[in-house]
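All heavy atoms count here, side chains included; hydrogens, waters and symmetry mates do not. Order of the sequence lines fixes the chain letters, A, B, ..., with proteins taken first and strands second; residue numbering starts at 1 for each chain.
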2 protein chains.
Amino acid sequence: MSVRFALLALLEQGPKYGYQLRSEFEQRTGSTWPLNVGQVYTTLTRLERDGLVEGAGSDEQGHVVYRVTDAGRDEVATWFTTPVARTQPPRDELAIKLALAVTVPGVDVGTVIQQQRSATIRALQDYTRLKRQEPLDLAWSLVLESLVFAAEAEVRWLDHCEARVRRAAAEAPAPEPSRTDEKQETTR
Amino acid sequence: MSVRFALLALLEQGPKYGYQLRSEFEQRTGSTWPLNVGQVYTTLTRLERDGLVEGAGSDEQGHVVYRVTDAGRDEVATWFTTPVARTQPPRDELAIKLALAVTVPGVDVGTVIQQQRSATIRALQDYTRLKRQEPLDLAWSLVLESLVFAAEAEVRWLDHCEARVRRAAAEAPAPEPSRTDEKQETTR
DNA sequence: ACAGCCATGTAACTTGTTACATGATTTT
DNA sequence: AAAATCATGTAACAAGTTACATGGCTGT
């Protein structure tokens, strides 16, 4: 729903047209989350279908302009006042991947972790490089820092996982798959 | 794609049936990411359509069992060896929300931040409570810790945002919206 | 003339997600 | 007997996403 709400929120600043919405969105989130223009138009159509925006004719340059409705304003207000639910956070692909890597036999968890850490550290360096580009918009700057904080946490978590997996391997041996035909344990 | 890959990876342990796949998935990710059984069946159908799994008849109890194909095994191997791309991470709704909150006039960023911090801290306490439940599966335990690390990072980021927003407010006054009719600044 | 950006759209598709139907088996 | 759980599915839809078509305008 992020894109949907973002466009709605942007329209609260005043009527805007599709292409403009994309550039304003990308101005705030930088190159991190590029937004396909097509999606702006599909989203606008769906917002209009749901009565949250309405067409507002054309501006002086002939742009097709949309305006937020009262229902739309309500929606944005609710969005801003309601915290993002952390009780059921979005599925984290990396967490799922590691959870399965420690489970499925024949997967080298150590390698998975190391590869991921390299990738994350590389991303972290990209962020640092971006930060040095002086004239940073406040919004874009905050987004960038959220990425930095998240990536740092990810690296720490990966280190933590590595340690725990090593410890678990030390306790329960089972180093070789060694042709011990897989016994199907029931999960009930 | 998380669910898709997760089911595929689970099937590498040997043929399984739909209901079983759900319980095995939830055993590893705890109650964090509940998986609707229906989705298991739709996903299995789509995996079969794409040639990554195939029906394997019924087991002794009459369960409809699926088995991973060679193409499916390749897919899983690639998934495990390819790090999750942090160059274009999934859109973070909270980051987007704050980026827009500091932009759209009339939104009280301070309140947004405080509410979110409360919610995140509450989630953090839930995680701590869950951790105390002794017999934790390794996978589920790692997932839980990833949530903890992420939530802690989020709180730190929110604190950071609060400080930056306060500083920005001190530099540029603009405290009241004060009926100064919105002047549309062009974004070009 | 041509390349490239601005601008508006549409068709097609993917994954995720839920609500519902249906029946078997198990527990109370 | 009733309630709960196991088990398999289907229909329908939402949001995200991209590839493509189309045309105007601008700079070289």
Side-chain angles (χ1 to χ4, degrees), chain A residues 1-8 15-27 29 32-53 55-66 75 79 84-85 88-93 96 186-188, chain B residues 1-8 15-27 29 32-53 55-66 75 79 84-85 88-93 96 186-188:
Chain A
M1 309 281 294
S2 311
V3 173
R4 199 178 148 93
F5 281 121
L7 297 191
L8 213 47
K16 300 198 196 304
Y17 58 94
Y19 213 84
Q20 187 184 8
L21 283 168
R22 182 183 68 163
S23 46
E24 296 215 1
F25 179 86
E26 293 203 339
Q27 189 198 327
T29 58
T32 326
W33 300 308
L35 180 56
N36 187 300
V37 205
Q39 192 174 348
V40 174
Y41 293 106
T42 52
T43 305
L44 279 174
T45 309
R46 289 161 187 177
L47 283 170
E48 191 169 30
R49 174 200 63 188
D50 300 339
L52 304 179
V53 306
S58 311
D59 68 1
E60 316 79 46
Q61 286 99 55
H63 294 133
V64 182
V65 163
Y66 285 85
E75 198 86 352
W79 185 55
V84 172
Q88 289 189 352
R91 294 206 184 95
D92 180 354
E93 186 173 346
I96 290 176
T186 16
T187 320
R188 318 273 194 86
Chain B
M1 309 283 293
S2 310
V3 174
R4 198 177 148 91
F5 281 120
L7 297 191
L8 213 47
K16 300 198 196 303
Y17 58 94
Y19 212 84
Q20 187 184 8
L21 282 168
R22 181 182 71 163
S23 47
E24 296 214 1
F25 179 87
E26 293 202 339
Q27 188 198 327
T29 58
T32 328
W33 301 307
L35 179 56
N36 188 299
V37 205
Q39 191 174 349
V40 175
Y41 293 106
T42 52
T43 305
L44 279 174
T45 310
R46 289 161 187 176
L47 283 170
E48 191 168 29
R49 172 199 65 188
D50 299 340
L52 304 178
V53 307
S58 312
D59 67 1
E60 315 79 49
Q61 286 99 55
H63 294 133
V64 181
V65 163
Y66 286 85
E75 198 85 351
W79 186 55
V84 172
Q88 288 191 352
R91 295 207 182 94
D92 179 354
E93 186 173 346
I96 291 176
T186 17
T187 320
R188 319 274 193 86

*Does R22(B) or T45(B) map to a spot on DNA chain D nearer the 5' end, using the closest nucleotide for each?*
R22(B)
What integer distance in Å separates [X]:[atom1] from [N]:[atom2]?
X	N	atom1	atom2	value
K16(B)	dC6(D)	NZ	P	17 Å
Y41(A)	dA11(C)	OH	P	16 Å
Q61(A)	dA7(C)	CD	P	9 Å
E93(A)	dG16(C)	CD	P	9 Å
W33(A)	dT17(D)	CH2	P	12 Å
Q20(B)	dT5(D)	CD	C1'	16 Å
H63(A)	dG24(D)	NE2	C1'	10 Å
M1(A)	dG16(C)	CE	P	17 Å

*Who passes side-chain contact (heavy atoms from CB on, under 4.5 Å) against Y19(A), sequence neighbours left out?*
Y17(A), R22(A), V37(A), Y41(A)
Can you confirm whether [X] sits close enough to [Y] that some side-chain heavy atom of one is under 4.5 Å from a side-chain heavy atom of the other?
X	Y	result
Y66(A)	L47(A)	no
D50(A)	R4(A)	yes
E93(B)	W79(A)	yes

*Pairs satisfying salt bridge (charged side-chain N to carboxylate O under 4.0 Å, His left out), at least one member in residues 33-49 of chain A, at least two apart*: none
*Under 4.0 Å between a side-chain N/O of R49(B) and OP1 or OP2 of dC13(C), yes or no?*
no
*Report yes if a side-chain nitrogen or oxygen of Y17(B) is closer than 4.0 Å to either non-bridging phosphate oxygen (OP1 or OP2) of dA7(D); otherwise report no.*
yes
*Which nucleotide, dA15(D), dT8(D), dG16(C), lies nearest any side-chain atom of R4(B)?*
dG16(C)
Contacts under 3.5 Å, N or O only, protein and nucleotides 17-21 of chain C:
unit_1: dT17(C); atom_1: OP2; unit_2: R91(A); atom_2: NH1; d: 2.3
unit_1: dT17(C); atom_1: OP2; unit_2: R91(A); atom_2: NH2; d: 3.0

_Rounded at 0.5 Å granularity, tell me how far CG in L35(A) sits from CG in L7(A)._
6.5 Å
_Using a 3.5 Å distance criterion without hydrogens, assess whether the side chain of N36(A) forms a donor-acceptor pair with backbone atoms of G38(A)._
yes
